Amino acid sequence: EDKVVQSPLSLVVHEGDTVTLNCSYEVTNFRSLLWYKQEKKAPTFLFMLTSSGIEKKSGRLSSILDKKELSSILNITATQTGDSAIYLCAVEKTSYDKVIFGPGTSLSVIP
Amino acid sequence: DTAVSQTPKYLVTQMGNDKSIKCEQNLGHDTMYWYKQDSKKFLKIMFSYNNKELIINETVPNRFSPKSPDKAHLNLHINSLELGDSAVYFCASSQYGRGGGQYFGPGTRLTVT
């Protein structure tokens, strides 16, 4: 059965800290790995990763995929209180574009 | 301009009632989805329609019936509501085969009392 696992499930850090969120997967017909940020409402798209070893960056956020280890990490440097959210990792399959979500990592950044 | 919209945003109803949630997207996408997010925040796919055809139908009670009148709309009807149906329901859309994930609507928080 397809599975996406994230760790840690929750994390509390101080502003300015750097955090690393982990995602691992066991999914057939892999197309891409996706990261989303969910604050109070709908998940918003952060990154799509399809190739191993190529870092994607957006401001203080970056992510990389390791297809050999079936995993990905999301790094956030110099965290701010506005980074507090649930970070969802998901894997998109080639079959019917189905997306399997992980349980999310709840990140709280305190001043 | 709202890309994916859902109505209503909040729905409070009693057990046994029947209710509908509507979803519309103006992105020109051909595929739409319904997801359920429970109290533990686990987001799980329920249904997917591509050009009005059902392509993903997960293990969901048959009290849930999606309907897609056209590729810009996907509605969700729920019969005989139960306490366990309380959750946030998200609609999403994408262009089939293009990859890159989906665009989500704002969610409908359903509370069954």
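Excluded from the calculations below are hydrogen atoms, water molecules and symmetry mates; all remaining heavy atoms, backbone and side chain alike, are included. Computed from a predicted structure; not experimentally measured.
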- request: Taking all heavy atoms of B:Phe42 and all of A:Phe101, pick out the closest pair and write down the distance.
  value: CE2-O, 3.4 Å
query: Can you find a pair of side-chain heavy atoms, one from A:Val99 and one from B:Tyr35, that are under 4.5 Å apart?
result: yes
field: Same apolar cluster (I L V M F W Y, side chains within < 4.5 Å links), A:Leu65/A:Leu46
entry: yes
query: Where does A:Tyr36 contact chain B at under 4.5 Å (heavy atoms): side chain, backbone, both or neither?
result: side chain
task: Quick one: closest heavy-atom pair of B:Gly105 and A:Ala42, and the distance?
output: O-CB, 2.8 Å
Joint cluster assignment, A:Ile73 & A:Val19, ILVMFWY side-chain distance < 4.5 Å: no
message: Please report the interatomic distance NZ(A:Lys98) to OH(B:Tyr33), rounded to the nearest 0.5 Å.
response: 11.5 Å
Toward chain B, the part of A:Leu9 with a non-hydrogen atom under 4.5 Å: neither
field: Crowding at NZ, A:Lys57 (>12 non-hydrogen neighbours, <6.0 Å)
entry: yes
- request: To the nearest 0.5 Å, tell me how far B:Tyr103 OH sits from A:Phe45 CZ.
  value: 7.5 Å
- request: Might you point out which heavy atoms bring B:Phe90 and A:Pro43 nearest each other, and give the distance in Å?
  value: CE2-CD, 4.1 Å
Chain A interface, residue from B:Glu58, B:Lys44, B:Lys9 that has the most non-hydrogen pairs under 4.5 Å: B:Glu58
query: Roughly how far, to the nearest 0.5 Å, is NZ of B:Lys41 from CD of A:Gln38?
result: 6.0 Å
field: Heavy-atom proximity to chain A below 4.5 Å, by part of B:Gln37
entry: side chain
statement: Filtered by a 4.5 Å non-hydrogen cutoff, the part of residues 68-82 of chain B contacting chain A is none
query: Among A:Lys41, A:Glu92, A:Met48, which has the most heavy-atom pairs under 4.5 Å with chain B?
result: A:Glu92
